[in-house]
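This one's a predicted model, so the numbers in the text were calculated from it and none came from an experiment.
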Amino acid sequence: MSVRLSTGVSIIGVRRYPMTRILVVDDQQTLAGALEIAIDAQPDMECVGAVGTVEEAVRLAVAENPDVVLMDLHLPDLDGIEGTRRIRRSCPETRVLILTGHATAGNLTAAAGAGAAGFIAKDSAFPDILAAIRAPVSTRILVESLALPVLLEGLRTGAQSRADRAKRAGLTGRELEVLTLMGEGLDPRAIAERLVVSVHTARGHVKNVLMKLDAHSQLEAVLVATRAGLLPDPRTRGERR
């Protein structure tokens, strides 16, 4: 019979799992409780707590230093954007994933600016939420499929050509291609497959794009690029330029 210890340490003959520790922040007790149960049922996850205010979240985050925080945007004391900012300030290694029921360009942009690593729709299936938690750090944009077009549309600017803007930003033609694929939510491995290059090469292009846009993550790069008009209109994405 196998026994799993909460720390992820195994005993003789028992499989060892790297444990991801998650804090749930949502004042809807039914959802928070369901997430806590779903997380604790996973062999590689542990819920360190479920709280309903930013004050409680920051206090518990400092005490437990979780790997991931699932943060609701609308909380009774402060909003999830301020909660994200405070947790990231106190626990810079913690990834904050925003739980949202109503995606708008304004709140998604503000949350990303506060340090959020991604956005998940509240009505997502549990397997999708768990997959987002397990996503490798800094290798993919975590944006729920309906939220990204809203985000991009809200940040659209001007009529200057993408090529001219890319040139001004110092991006090469290949880097602009990579940036476009990043805007579709692809990680370096998927970008490599799409462009028929090695993963190492794709990661190099992503790194160059982040450096040239002064961004610290793919999500931030997409936001910066969208403000600058470097990404195509979501309605025409997929069409040849």
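- Side-chain atoms of L35 and D26, non-hydrogen and from C-beta on, never get closer than 4.5 Å to each other.
- Taking 4.5 Å as the limit, every side-chain heavy atom of T100 sits out of range of all side-chain heavy atoms of K122.
- Summarising the geometry of H205 relative to R174, their closest heavy-atom pair is NE2-CG, 3.4 Å, with the distance given to 0.1 Å.
- The backbone N or O of I133 sits less than 3.5 Å from a side-chain atom of R95, completing a donor-acceptor pair.
- The structure places CZ of R59 at 12.0 Å from CD1 of I87, a figure rounded to the nearest 0.5 Å.
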| Could you go step by step and tell me if V178 and V206 meet the side chain to side chain contact (heavy atoms under 4.5 Å, CB included) rule? | CA-CA 7 Å; V178 169; V206 170; 3.8 Å; yes
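- Remark: the backbone N or O of L75 is not paired with any side-chain donor or acceptor of D72 at under 3.5 angstrom.
- Taken together through direct or relayed side-chain contacts under 4.5 Å among Ile, Leu, Val, Met, Phe, Trp and Tyr, I22 and F126 form part of one hydrophobic cluster.
- Considering every non-hydrogen atom in both P188 and A202, the closest pair reads O-CB, 3.4 Å.
- Using a 4.5 Å cut-off on side-chain heavy atoms (C-beta onward), R86 and L78 make contact.
- Atom CD in E64 sits 10.5 Å away from atom SG in C91 (nearest 0.5 Å).
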| said: side chain to side chain contact (heavy atoms under 4.5 Å, CB included) for E220 and L210? Distances and angles first, verdict last. | reply: CA-CA 8 Å; E220 186 179 358; L210 297 185; over 6 Å; no
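- Using a 4.0 Å cut-off between charged side-chain N and carboxylate O, E177 and R194 make no salt bridge.
- Closest approach of A132 and I120 over heavy atoms only: CB-CD1, 3.6 Å.
- For the atom pair CG of N208 and CZ of R203, the computed distance is 14.5 Å after rounding to the nearest 0.5 Å.
- Side-chain contact between M182 and I191 is present, with heavy atoms from C-beta onward closer than 4.5 Å.
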| field | Residues E55, T53; criterion side chain to side chain contact (heavy atoms under 4.5 Å, CB included); working and verdict | value | CA-CA 5 Å; E55 183 180 352; T53 66; 4.1 Å; yes
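- The pair E193-R189 does not meet the salt-bridge criterion, since no charged nitrogen lies less than 4.0 angstrom from a carboxylate oxygen.
- Side chain of T84 to main chain of A114: no donor-acceptor pair is present (N/O by atom type, distance under 3.5 Å, no hydrogens or angles).
- Looking at I81 and L73, their side chains come closer than 4.5 Å, going by heavy atoms from C-beta outward.
- The main-chain N or O of V54 is found under 3.5 Å from a side-chain atom of D77 such that the two form a donor-acceptor pair.
- Here the CG-CG distance, from L99 to L97, works out to 8.0 Å after rounding to the nearest 0.5 Å.
- Note that the CE atom of M71 and the OG1 atom of T94 stand 10.5 Å from one another [nearest 0.5 Å].
- Side-chain contact between T20 and E46 is absent, with no heavy atoms from C-beta onward closer than 4.5 Å.
- Among all heavy-atom pairs drawn from A225 and L179, the shortest one is CB-CD2, 3.6 Å.
- To the nearest 0.5 angstrom, S217 atom OG is 7.5 Å from L223 atom CG.
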| said: For a side chain to side chain contact (heavy atoms under 4.5 Å, CB included) check, start with the C-alpha distance between H74 and D79, then their side-chain angles and the critical distance, and finish with the verdict. | reply: CA-CA 5 Å; H74 305 290; D79 62 32; 5.8 Å; no
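- By the 4.5 Å heavy-atom criterion applied to side chains, L23 and V68 are not counted as neighbours.
- Checked by atom type and distance alone, the side chain of E175 pairs as donor or acceptor with a backbone atom of T172 at under 3.5 Å.
- V96 has its side chain within reach of R88: a pair of non-hydrogen atoms, C-beta onward, lies under 4.5 Å apart.
- Smallest separation of non-hydrogen atoms from V48 and P66: CG2-CB, 4.3 Å.
- In the hydrophobic clustering of this structure, V25 groups with V62; members are Ile, Leu, Val, Met, Phe, Trp, Tyr whose side-chain heavy atoms approach within less than 4.5 Å, directly or through other members.
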